[in-house]
Colleague: 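Below you'll find the structure I mean.
Sequence lines set the chain letters: A, B, ... in the order given, protein chains first and strands last, and positions in each chain run from 1.
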2 protein chains.
Amino acid sequence: MLQVSRKFEYGLHAVTYLATKGLGRVVTVKEMADELGFSQEFLSKAMQSLKRAGIAASVQGVKGGYMLGKSTDAITVADIAIAIEGEPHLVRCGVKADRCEIFSSCHHRGYMNTLQHKIQVLLAATTIHSLLKEVAG
Amino acid sequence: MLQVSRKFEYGLHAVTYLATKGLGRVVTVKEMADELGFSQEFLSKAMQSLKRAGIAASVQGVKGGYMLGKSTDAITVADIAIAIEGEPHLVRCGVKADRCEIFSSCHHRGYMNTLQHKIQVLLAATTIHSLLKEVAG
DNA sequence: GTTAAACAGGACTATTTTAACCCTATTATC
DNA sequence: GATAATAGGGTTAAAATAGTCCTGTTTAAC
């Protein structure tokens, strides 16, 4: 049921990895994949998503790689989730109304939407900065 | 990403349907499936899960069917989720440690677990009683 | 006691989503 | 120009979800 995707896990690990390396340091996908034990190709996709969202910045060419696109307290877990998985939809009808047989007569769409919003608030409450501090402390 | 399963949606709708029918009233799966526009067989599976969890009670034989197993303020959305989907695992390593390549060196398992717990608290905060009142109000 | 309407549940299939891989650009350093 | 990197489209593989089928059991009604 409520489970995050592996791509999100990859992305979150990558961001914390970049964070520990410092804001300016450029790191290749290969290094991260080796270090974290992930598939290089797949992590690469995650990084591309993070880049599009401005969470990571990239340098192309030889000596290229990724670095953080903002400071660690300007990136929340919610930002990473949205960058990688797009806008959240707790229920199908949020994606497209015709995915639900009883859209017009449904009694709990309102509740599901507020629930989804509350979950987003939870994710948005944690910045990478606070996450790292939690681990260290 | 974070999306509830259709089986859960079916189950939640079925419970609220039973609730509007009153605590003692026995309703067949056929009636519910017709009324809600769901597959009878699949809804039947959801009902069986709800029954095992005590959320619904069943009467077998002709004239049989389902009714609520407890009062509407003793059933939370979390109860239904657990009945139908089992214990939640926001991350793979919660299911089984070897589902994660970096279990031993992972830095945010603790965070993910508290996050999961907070989501459960959200789900547990809504009873069927309060959900119905919200719709009516 | 036979029939029929319902739940119970195991096993199977189909569909959808997720994960992963392949291959071809493009970019930039040396 | 060779090479090491990102960028990204397209395809395949694996896993999870959704749905079906079939057989059994229970019990009210006749």
Side-chain angles (χ1 to χ4, degrees), chain A residues 1-11 13-14 18 25-34 36-53 55-67 69 81 83-86 88-89 91-92 95-96 98-101, chain B residues 1-11 13-14 18 25-34 36-53 56-67 69 81 84-86 88-89 91-92 95-96 98-101:
Chain A
M1 178 203 188
L2 290 171
Q3 190 170 52
V4 300
S5 71
R6 181 162 290 236
K7 199 170 171 186
F8 166 81
E9 289 184 29
Y10 278 28
H13 271 106
L18 288 178
R25 165 82 186 288
V26 172
V27 179
T28 65
V29 169
K30 186 174 185 325
E31 175 183 333
M32 283 192 284
D34 285 353
L36 298 169
F38 297 153
S39 145
Q40 189 174 327
E41 293 265 15
F42 195 50
L43 176 59
S44 169
K45 299 291 185 192
M47 292 315 299
Q48 287 171 27
S49 300
L50 291 173
K51 191 221 158 176
R52 278 182 219 113
I55 293 167
S58 72
V59 176
Q60 288 197 318
V62 184
K63 297 278 174 187
Y66 289 96
M67 55 192 170
I84 288 185
E85 323 228 344
H89 297 289
V91 284
R92 283 157 185 65
V95 185
K96 208 150 179 280
D98 64 9
R99 287 203 164 197
C100 178
E101 302 87 347
Chain B
M1 179 203 188
L2 288 172
Q3 188 171 55
V4 301
S5 71
R6 182 160 289 235
K7 200 170 171 186
F8 167 80
E9 289 184 28
Y10 278 29
H13 271 106
L18 288 177
R25 166 82 186 288
V26 172
V27 179
T28 67
V29 169
K30 186 176 184 326
E31 175 183 334
M32 284 192 286
D34 286 352
L36 299 170
F38 296 154
S39 144
Q40 189 175 326
E41 293 267 15
F42 196 51
L43 176 58
S44 170
K45 299 293 185 195
M47 293 314 300
Q48 287 170 26
S49 299
L50 292 173
K51 190 218 157 177
R52 279 183 217 112
S58 71
V59 176
Q60 286 198 321
V62 184
K63 296 276 172 187
Y66 288 96
M67 54 191 171
I84 287 185
E85 323 227 343
H89 296 291
V91 282
R92 281 157 186 65
V95 185
K96 209 150 177 287
D98 64 9
R99 286 203 167 196
C100 179
E101 301 87 349

Colleague: Can you see which heavy atom on B/I84 is nearest to which on B/G11, and at what distance?
Modeller: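 B/I84 and B/G11 have their closest heavy atoms at CD1-CA, 3.7 Å.
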Colleague: Does D/dA7 have OP1 or OP2 under 4.0 Å away from a side-chain N or O of A/S58?
Modeller: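 For D/dA7, OP1 or OP2 has a side-chain N or O of A/S58 closer than 4.0 Å.
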Colleague: Can you sort out the partners of A/F38 under ring pair (Phe, Tyr, Trp, His ring centres under 6.0 Å), two or more places apart, ordered by chain and number?
Modeller: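 Partners of A/F38 by the ring pair (Phe, Tyr, Trp, His ring centres under 6.0 Å) criterion, ordered by chain and then number, come out as A/Y10, A/H13.
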Colleague: According to side-chain hydrogen bond (donor to acceptor under 3.5 Å, both in side chains), who are the partners of A/S58, at least two apart in sequence or on a separate chain?
Modeller: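 Residues passing side-chain hydrogen bond (donor to acceptor under 3.5 Å, both in side chains) with A/S58: none at all.
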Colleague: Can you measure A/L50 atom CG to D/dA7 atom P for me and round it to whole angstrom units?
Modeller: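 After rounding, the gap between these two atoms is 11 Å.
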Colleague: Can you tell me the distance, in whole Å, between the CD atom of B/Q3 and the P atom of D/dA15?
Modeller: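 After rounding, the gap between these two atoms is 21 Å.
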Colleague: Taking only residues two or more places apart in sequence, or in another chain, which ones meet B/T28 in a side-chain hydrogen bond (donor to acceptor under 3.5 Å, both in side chains)?
Modeller: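 For B/T28, no residue satisfies side-chain hydrogen bond (donor to acceptor under 3.5 Å, both in side chains) once neighbours in sequence are set aside.
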Colleague: What one-letter contact string describes nucleotides 20-30 of chain D from 5' to 3', where B marks a base within less than 4.0 Å of any protein heavy atom, S marks contact via sugar-phosphate atoms alone, and - marks no contact?
Modeller: BBB---BBBS-
Colleague: Which residues pass the side-chain hydrogen bond (donor to acceptor under 3.5 Å, both in side chains) test with A/K63, sequence neighbours left out?
Modeller: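 For A/K63 there are no side-chain hydrogen bond (donor to acceptor under 3.5 Å, both in side chains) partners, ignoring immediate neighbours.
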Colleague: Expressed as a whole number of angstroms, how long is the span from B/R25:CZ to C/dA6:P?
Modeller: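 Atom-to-atom, B/R25 to C/dA6, this comes out as 12 Å.
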Colleague: Tell me which nucleotide among D/dA5, C/dC7, D/dA7 gets nearest to the side chain of B/T28.
Modeller: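 From the listed options, C/dC7 comes nearest.
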Colleague: The side chain of A/Q48 is closest to which nucleotide in this list: D/dA18, C/dC7, D/dA7?
Modeller: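 Per side-chain heavy atoms of A/Q48, the pick is D/dA7.
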Colleague: Name the residue closer to the 5' end of DNA chain C, choosing between B/V29 and A/E85 according to the nucleotide with the nearest heavy atom.
Modeller: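 Looking at the nearest nucleotide for each, B/V29 comes out on the 5' side.
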Colleague: Return the value, rounded to whole Å, for the distance between atom CG of A/L43 and atom P of D/dA5.
Modeller: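 Atom-to-atom, A/L43 to D/dA5, this comes out as 14 Å.
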Colleague: Using atom NE2 of A/H89 as one end and atom P of C/dT17 as the other, report the distance to the nearest whole Å.
Modeller: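 For the pair A/H89 NE2 and C/dT17 P, the rounded distance is 12 Å.
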Colleague: With sequence neighbours left out, write down each residue that passes side-chain hydrogen bond (donor to acceptor under 3.5 Å, both in side chains) with B/S49, or none if nothing qualifies.
Modeller: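 Scan of B/S49 (side-chain hydrogen bond (donor to acceptor under 3.5 Å, both in side chains), adjacent residues dropped) gives none.
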Colleague: Mind checking if A/Y10 touches a base, just sugar-phosphate, or nothing, with heavy atoms under 4.0 Å?
Modeller: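 A/Y10: backbone/sugar contact only, no base atoms under 4.0 Å.
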